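In what follows, every heavy atom counts, from backbone to side chain, and hydrogens, waters and symmetry copies are set aside. Residue indices begin at 1 and follow the sequence shown. What you are looking at is a predicted structure, and each value in this text was computed from that prediction instead of being measured.
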Amino acid sequence: MLKTLDSLLAAAEQESLVTSAPAALRSRIYSAVIREAQKRSPLRPLTASMQSGYTICTWENLIRRLPGGETKNHCTLCPARKLAEASDSLSIPWSGCPYREFHCT
């Protein structure tokens with residue numbers, strides 16, 4: 001699912017659609033896409049994502065170490081997600097966060 005999302009975002013970026021949208025809107029869209037993906041099938045475990053070459057954020061890396069943390073969508077619990085969805089100018093301190101990427105462009 002993420003590779004499909006990545007290719008869609010790359011295509012949209014080439015059309016200048018992604019970078020022209022406000023960061024908060026891009027953050028809300030990303031959250032909605034992830035929620036819909038979760039409804040269709042469980043997200044892949046974080047370790048499997050890392051083994052496939054995806055970078056996980058500092059928040060996910062911390063939470064995945066907790067019991068049962070490997071299989072949850074940590075973005076739903078992340079304090080940066082709510083801030084990113086509400087603000088167009090935000091500095092997210094941890095690396096690997098997709099919301100940080102939206103605010104750095």
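The nearest pair of heavy atoms linking Ile92 to Ala84 is CD1-CB, 4.3 Å. Annotation for Ala80 and Leu90: closest pair O-CD2, 4.3 Å, computed over non-hydrogen atoms. Heavy atoms only, all atoms of each residue included: Ile56 and Leu46 are closest at CG2-CD2, 4.0 Å. Contact between Arg26 and Phe102 at its shortest, heavy atoms only, is NH2-O, 3.2 Å.
Contact of the Arg44 side chain with the Ser52 side chain is registered, since non-hydrogen atoms from C-beta on lie closer than 4.5 Å. With a 4.5 Å cut-off on side-chain heavy atoms, Cys97 and Thr58 do not count as touching. Side-chain contact between Pro79 and Trp59 is present, with at least one heavy-atom pair separated by less than 4.5 Å. Looking at Tyr30 and Glu101, their side chains never come closer than 4.5 Å, going by heavy atoms from C-beta outward. Side-chain contact between Arg81 and Ser27 is absent, with no heavy atoms from C-beta onward closer than 4.5 Å. Tyr99 places none of its side-chain heavy atoms less than 4.5 Å from the side chain of Cys78.
A donor-acceptor pair shorter than 3.5 Å cannot be found between the side chains of Ser91 and Arg100.
The pair Lys82-Glu85 fails the salt-bridge criterion, with no side-chain N (NZ, NE, NH1 or NH2) lying under 4.0 Å from an Asp/Glu carboxylate O.
Separation of atoms CE (Met50) and OG1 (Thr55) is listed at 9.5 Å; rounding is to 0.5 Å.
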